[in-house]
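Heads up: the structure comes next, in structure tokens.
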Amino acid sequence: MAAETGTPTTLTLKSNDDELFSVAESAAILSVTIRNMVEDGCAGGVIPLDNVDGKTLASVITYMNGISAIPADEEKKKSYRDKFLSDKDFETLADMVLAANYLNMSCLMDAVSAKIAQVMEKKSVGWVRRKFGIENDYTPEEEAAVKEEHKWTFEGVETDDDN
Amino acid sequence: MYTVKIKFEKNKKKKARKEVAAQLNSDILSETLSRLRVKDLLRFKCVCKEWHHLISRREFIKLHLENSIYRPILLNKSSFVACPRLFPPPDAANYDLESTTNFTNMVFAGSSCDGLVCLLNDEHGIIHIWNPPLRSHACIPITKPRGYIRCFWFGRHNDEYKILLGTHNWGDARIHLIRPYNDDGHCSYKSSHELRNNYHYLYDTIGTLSNSNVHWAAVSRRVPLPPHVSIFSYDLVHESVGEVPIPEHMRGSSSLTEFKLGETNGCLSCLLKRLSSTDGVSYESELWVMREYGVEESWTKVGISPLDRLYSSSSYESSLRTRVPQVELDQPARIRSPFYTKQVYVESLVSPRQGARCDHSRFCCSG
């Protein structure tokens with residue numbers, strides 16, 4: 001269990017679709033959930049992460065490795081986060097925000113939340129319903145009334161058919 | 001065979017992922033939505049009843065305000081003061097201008113807090129509280145105080161919005177406290193305190209909040225004596241007027257041209273601008289910080305700048321405290337703060353009609 005002195009400890013994480021990942025302990029403990037496991041001495045074998053799938057976990061580990069390689073420089077960390085999230089689509093971001101929440105990684109959580117908000121800017125109500133899988137539970141009259149109340153907020157909205 | 005399997009897996013995942021977005025619980029959803037601008041949020045009230053309820057909640061309005069602080073809109077310092085035609089803020093060309101026509105009469109002063117802009121219409125004795133992106137506006141009639149209005153402050157203290165008005169009437173100087181959102185729903189126009197020292201001229205009409213006191217710098221000019229600066233304060237806890245001690249050498253001389261109050265690292269600070277003692281032509285600015293509130297000896301010079309156009313804003317939002325560059329208190333530093341010259345506006349969902357109280361959602365969350 002205990003690693004020999006000098007060599008960095010490696011943890012094995014298992015996604016909910018049974019993929020295994022090796023990650024340096026120093027990077028993995030960015031997740032408070034994993035850090036607690038390590039501190040409680042129950043990180044010896046394989047750590048099962050029941051709420052995270054393999055694709056998302058791979059992404060999160062890339063982030064863990066990337067951000068922990070940057071020394072304490074908030075500017076550089078911020079630009080790494082921006083770059084890391086720049087090419088992610090909405091679905092990936094949604095998966096990541098859930099993973100970040102489950103793994104208790106506040107810096108990733110903040111960055112992903114901000115990125116999702118940025119993606120949602122100027123989007124139509126229909127786009128949001130589709131992406132979030134939300135069913136419209138307003139009656140047509142109710143919806144018209146709410147819309148009427150904030151009519152000007154529908155100006156300059158992106159067209160509905162984009163993805 | 002292998003590739004087929006991968007393909008199948010992918011399709012399955014895509015379907016599952018769609019539900020992931022729906023899995024976002026209200027905490028995660030609040031965290032995400034609180035990063036949005038007001039216009040988007042108001043539109044997304046239409047998404048479903050649950051979102052309408054969430055966006056209308058008091059806790060959410062607070063969280064949104066906290067996150068708004070990290071994306072301030074910088075305005076030229078005087079945008080809110082005496083220039084109502086500059087409404088709305090330059091960054092917000094789409095804000096409705098209709099309501100601003102009310103402001104073209106004489107506006108004495110204005111400042112903003114928590115996304116609420118407070119303007120005083122001196123002529124008619126009306127206080128306007130306006131949330132530009134929310135397009136919501138409240139008029140509060142007040143009993144017009146006697147005399148000239150000389151100083152002003154609008155802000156939040158102990159979770160209550162308050163307005164201070166300073167008047168000057170034939171040597172009688174008073175501070176009036178107005179609580180626009182009183183418990184009974186009516187504006188209260190409360191105490192009036194006589195100032196011990198007459199103030200003759202104010203460096204800045206908008207007060208500076210620090211340590212539960214609102215401060216103004218005033219100067220008396222009794223020719224042929226050199227100008228004499230004092231900082232008077234209004235204690236929001238005890239509702240009384242006082243004076244902040246400053247050392248004699250800061251009080252000024254004929255070379256002093258500016259004396260601006262601000263808050264630096266949570267301490268009351270002031271920016272002095274005076275003619276250089278070496279050449280008598282250029283200007284020097286000094287930043288002084290009162291490290292221990294109310295203690296005259298604790299005033300420390302922390303910064304010095306040769307720039308001649310350096311001003312402090314006495315009216316940046318209290319929330320800006322975190323944004324003011326941290327000056328190294330133990331080392332003299334060059335002042336390079338862009339924020340010191342700007343007034344800051346942050347967007348919020350706070351209703352001008354009810355202060356921090358929430359707009360009740362008509363659509364209660366059934367879940």
Side-chain angles (χ1 to χ4, degrees), chain A residues 16-17 51-56 89-102 106 109-139 142-157, chain B residues 6 9-10 12-25 27-53 55-56 63-64 67-68 70-71 93-98 133-136 349 359 361-363 365-367:
Chain A
N16 63 3
D17 44 2
N51 287 17
V52 189
D53 65 33
K55 182 180 167 263
T56 308
D89 62 11
F90 181 83
E91 285 75 13
T92 312
L93 291 169
D95 285 340
M96 287 191 68
V97 80
L98 287 173
N101 181 56
Y102 173 70
S106 58
M109 182 83 190
D110 285 350
V112 179
S113 299
K115 179 72 185 173
I116 294 177
Q118 195 193 325
V119 172
M120 289 171 74
E121 231 171 78
K122 294 192 170 130
K123 290 291 190 290
S124 70
V125 169
W127 185 94
V128 171
R129 283 184 190 139
R130 227 170 27 250
K131 291 291 181 180
F132 282 80
I134 293 171
E135 219 167 291
N136 177 13
D137 57 355
Y138 284 116
T139 64
E142 284 172 344
E143 186 174 355
V146 179
K147 200 169 169 177
E148 181 62 30
E149 213 178 312
H150 309 291
K151 216 162 52 182
W152 77 94
T153 66
F154 289 82
E155 294 159 12
V157 171
Chain B
I6 295 282
E9 283 279 325
K10 261 192 173 168
K12 203 174 117 192
K13 264 191 205 163
K14 199 166 187 180
K15 200 179 172 195
R17 239 185 273 133
K18 197 169 179 182
E19 284 147 26
V20 164
Q23 264 182 50
L24 298 168
N25 64 36
D27 281 350
I28 307 178
L29 193 60
S30 296
E31 195 55 54
T32 302
L33 296 185
S34 68
R35 319 289 173 121
L36 284 165
R37 295 192 62 166
V38 169
K39 189 179 173 188
D40 292 313
L41 282 171
L42 294 179
R43 183 171 66 255
F44 294 157
K45 279 186 172 185
C46 266
V47 168
C48 64
K49 292 180 183 178
E50 193 196 333
W51 279 39
H52 190 291
H53 179 73
I55 294 166
S56 309
L63 180 69
H64 178 260
N67 283 328
S68 270
Y70 295 101
R71 28 166 223 275
N94 294 326
Y95 291 163
D96 188 11
L97 276 165
E98 281 168 18
L134 205 58
R135 299 201 181 180
S136 182
L349 290 161
D359 285 320
S361 171
R362 280 169 292 136
F363 304 100
C365 181
S366 48

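As the structure is a prediction and not an experimental result, all values here were calculated from the model. Below, read A as the first sequence line, B as the second, and so on, with proteins coming before strands; counting in each chain starts at 1.
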What pair of heavy atoms forms the shortest contact from [X] to [Y], and how long is it?
{"X": "A:Y138", "Y": "B:V47", "answer": "CE1-C, 4.2 Å"}
{"X": "B:C48", "Y": "A:E135", "answer": "CB-O, 4.0 Å"}
{"X": "B:C46", "Y": "A:F154", "answer": "SG-CZ, 3.7 Å"}
{"X": "B:F44", "Y": "A:M120", "answer": "CZ-O, 3.5 Å"}

Quick check on the interface: out of A:I116, A:N101, A:T56, who has the most heavy-atom pairs with chain B under 4.5 Å?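 Max contact count across the listed options: A:N101.
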
A:D110, A:T153, A:V112: which one forms the most heavy-atom pairs within less than 4.5 Å of chain B?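 Of the options given, most contacts go to A:T153.
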
Could you look at A:N136 and say if it's the side chain, the backbone, both or neither that has a heavy atom under 4.5 Å from chain B?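 It is both, since atoms from each part get that close.
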
Chain B contact via A:V157 - side chain, backbone, both or neither, heavy atoms under 4.5 Å: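 Side chain only.
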
Under 4.5 Å from any heavy atom of chain A, what part of B:L41 do you find: side chain, backbone, both or neither?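 Neither part.
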
Nearest 0.5 angstrom please: A:M109 CE to B:E31 CD, how far?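 Result: 5.5 Å between the selected atoms.
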
For the atom pair CD1 (A:I134) and CG (B:L29), what is the distance rounded to the nearest 0.5 Å?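 Between A:I134 CD1 and B:L29 CG, I get 7.0 Å after rounding to 0.5 Å.
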
For side-chain contact (heavy atoms from CB on, under 4.5 Å), just list the numbers for B:L42 and A:E149, CA-CA rounded to whole Å, side-chain angles, deciding distance to a tenth of an Å, and then say yes or no. CA-CA 9 Å; B:L42 294 179; A:E149 213 178 312; over 6 Å; no

Just jot down the side chain to side chain donor-acceptor pair (under 3.5 Å) partners of B:D40, sequence neighbours excluded, or say none.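 Counting only residues at least two positions away or on another chain, B:D40 forms a side chain to side chain donor-acceptor pair (under 3.5 Å) with B:R43.
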
Check side chain to side chain donor-acceptor pair (under 3.5 Å) between A:K151 and all other residues, then give those that pass, not counting sequence neighbours.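 Testing A:K151 for side chain to side chain donor-acceptor pair (under 3.5 Å), a comparison that skips the adjacent residues, returns A:E148.
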
Check this for me, if you would: do B:K49 and A:E142 make a salt bridge, where the nitrogen-to-carboxylate-oxygen distance has to be below 4.0 angstrom?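 Judged by the 4.0 Å cut-off on N to carboxylate O distance, B:K49 and A:E142 do form a salt bridge.
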
